[in-house]
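Residue numbers begin at 1 in each chain, while the letters A, B, ... track the order of the sequences. Basis for what follows: all heavy atoms, side chains included, without hydrogens, waters or symmetry-related copies. These figures come from a predicted structure and were not determined experimentally.
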Amino acid sequence: MIERLELLLSAPYVQKLGVRFDNHGDELTATLPYAEALIGNPLIPALHGGAIGAFMEITASAALLAATPLLALPKPIDVSVDYLRPGKPADVYARASITRQGSRVANVSVEAWQERRGAHVAGLRGHFLIKPAPQEA
Amino acid sequence: MSDDIQAHLDSLRPFLVDGSPHAAALGFQLETITPNGASIRAPYREDLIGDPETRVLHGGVVTALLDHACGMAAFAAMGGKKANATLDLRLDYMRPARPGEDVLAEAECVKVSGLFAFVSAIAHDGDRDDPVARATAAFMVTKAGEAAAKRARAEMKAGASPISQVKT
């Protein structure tokens, strides 16, 4: 499962954010390790909403890559991000679930949290363009 | 009145992007800030590539850029004195940004209503009639933001930098 994420993990921006993935069975959890460069407002201090949004987009891409062999990285078509709590200066975790996967478009939702799984800091819903590998006969 | 706000915003220029570690880490540059809008440039950088095969910037960079530009437009429209937080950000990725080109986000605050500001923005790589992405966002002045802005004003009086004016 993790080996299918190789192309995603080799992207310079994904490496810059330091995003990691752990999988147990068919469950994939993404981690955005805390770094000072993720702070949006240093006096609160709170993580930048854009960093959390980007992290959730990466998590959605990873879930799609893990679910099916794809010929290219998924491309976001549209996303909607809800910010529920200020992101504290700490690691962020996220899990994605694929609501529907068609032959071209997938609908994915992502939940991100910090200390408590039940207390989400943000959520994302989005459509992604995918290019599944032809099924072998 | 609007001239006063413009002068106030101009005085904050050095802090609106560079005062936000994440925006600075991505190399964002403030182009314009007015009482109802903001534009911010993301110079093309190899370390922000999202797809090694196409060398296109990662969608997340455009997300962060539009979030920051929208947040700055909301901040300016609310008078430039209250830090805000994103409530909701909706993005349409209309086409990939051209590899090698900077992306410019132009955000305009459509309406301020009490604690809330509603913003729309586009991102383009040279031709604003052929956008890369567009965003619709809502922002709110939070208690944490108000407390931070208060601390910043106190520090400003004491001679320190007003970095809490930047958004989260």
Side-chain angles (χ1 to χ4, degrees), chain A residues 6-17 19 32 35-61 71-89 121-129 131, chain B residues 19-26 28 45-68 70-71 83-94 96 133 136-140 142 144-145 147-149 151-152 155 162-168:
Chain A
E6 208 175 299
L7 182 60
L8 180 71
L9 288 168
S10 72
Y13 179 68
V14 175
Q15 290 187 351
K16 188 181 174 75
L17 290 179
V19 177
L32 176 67
E36 207 190 328
L38 298 176
I39 294 287
N41 185 327
L43 277 204
I44 288 182
L47 298 181
H48 199 288
I52 299 174
F55 169 57
M56 292 192 295
E57 279 175 42
I58 293 166
T59 307
S61 290
L71 296 177
L73 291 178
K75 293 183 175 58
I77 302 164
D78 60 37
V79 300
S80 177
V81 185
D82 287 331
Y83 293 97
L84 305 169
R85 291 180 172 77
K88 293 182 188 137
V121 292
L124 173 146
R125 271 186 321 109
H127 294 93
F128 292 77
L129 180 66
K131 206 188 263 185
Chain B
S20 174
H22 191 59
L26 298 178
F28 293 173
R45 275 180 21 181
E46 304 269 324
D47 62 339
L48 304 182
I49 289 173
D51 187 336
E53 288 172 349
T54 61
R55 308 190 64 73
V56 169
L57 288 180
H58 196 279
V61 177
V62 179
T63 305
L65 177 69
L66 282 166
D67 180 47
H68 205 85
C70 288
N84 59 44
T86 321
L87 276 182
D88 158 275
L89 178 69
R90 197 187 165 290
L91 299 155
D92 291 321
Y93 297 97
M94 297 189 283
T136 308
F139 294 87
M140 181 189 181
T142 59
R151 283 199 300 276
E155 283 180 25
I163 47 175
S164 88
Q165 311 294 357
V166 300
K167 65 172 298 298
T168 56

- Message: Could you check whether any side-chain N or O of B/His22 sits under 3.5 Å from a backbone N or O of A/Ile39, counting only pairs where one atom can act as donor and the other as acceptor?
- Response: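 Looks like no, no N/O pair under 3.5 Å.
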Value rounded to 0.5 Å, distance of [atom1] in [X] from [atom2] in [Y]:
| X | Y | atom1 | atom2 | result |
| --- | --- | --- | --- | --- |
| B/Arg90 | A/Asp82 | CZ | CG | 11.5 Å |
| B/His58 | A/Ile58 | NE2 | CD1 | 4.0 Å |
| A/Tyr83 | B/Asp67 | OH | CG | 4.5 Å |
| A/Asp78 | B/Tyr93 | CG | OH | 9.5 Å |

- Item | Proximal component of A/Glu57, with respect to chain B [non-hydrogen, under 4.5 Å] |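 Contact with chain B involves the side chain of A/Glu57 alone.
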- Item | chain B contact via A/Leu17 - which portion, at a heavy-atom distance below 4.5 Å |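 Just the side chain, heavy atoms under 4.5 Å.
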- Query: Quick one: of B/Gly50, B/Ala24, B/Pro52, B/Ala25, who has the most non-hydrogen atom pairs under 4.5 Å with chain A?
  - Reply: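 Top count of heavy-atom pairs under 4.5 Å with chain A: B/Pro52.
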- Query: Top residue by heavy-atom pair count (under 4.5 Å) with chain A, among B/Thr63, B/Leu87, B/Val62, B/Leu66?
  - Reply: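 Most pairs with chain A among the choices: B/Leu87.
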- Task: Report the relative orientation of the aromatic rings in A/His48 and B/His68; use parallel for angles under 30°, tilted for 30 to 60°, perpendicular for over 60°.
- Result: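 Ring orientation of A/His48 relative to B/His68: parallel.
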[atom1] ([X]) with more than 12 external heavy atoms under 6.0 Å:
| X | atom1 | result |
| --- | --- | --- |
| A/Glu36 | CD | no |
| A/Arg125 | CZ | no |
| A/Lys88 | NZ | no |

Of the listed residues ([options]), which shares the most heavy-atom pairs with chain B below a 4.5 Å separation?
| options | answer |
| --- | --- |
| A/Ala51, A/Ala37, A/Ala35, A/Gly126 | A/Ala37 |
| A/Leu84, A/Leu7, A/Leu124, A/Leu8 | A/Leu7 |
| A/Ala72, A/Ser10, A/Pro76, A/Ala54 | A/Pro76 |

- Message: Is there a side chain to side chain contact (heavy atoms under 4.5 Å, CB included) between A/Leu73 and B/Glu53? Walk through the geometry before answering.
- Response: CA-CA 9 Å; A/Leu73 291 178; B/Glu53 288 172 349; over 6 Å; no
- Task: Could you check B/Val61, B/Asp47, B/Leu57, B/Asp51 and say which one makes a side chain to side chain contact (heavy atoms under 4.5 Å, CB included) with A/Tyr13?
- Result: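 Among the candidates, only B/Val61 passes.
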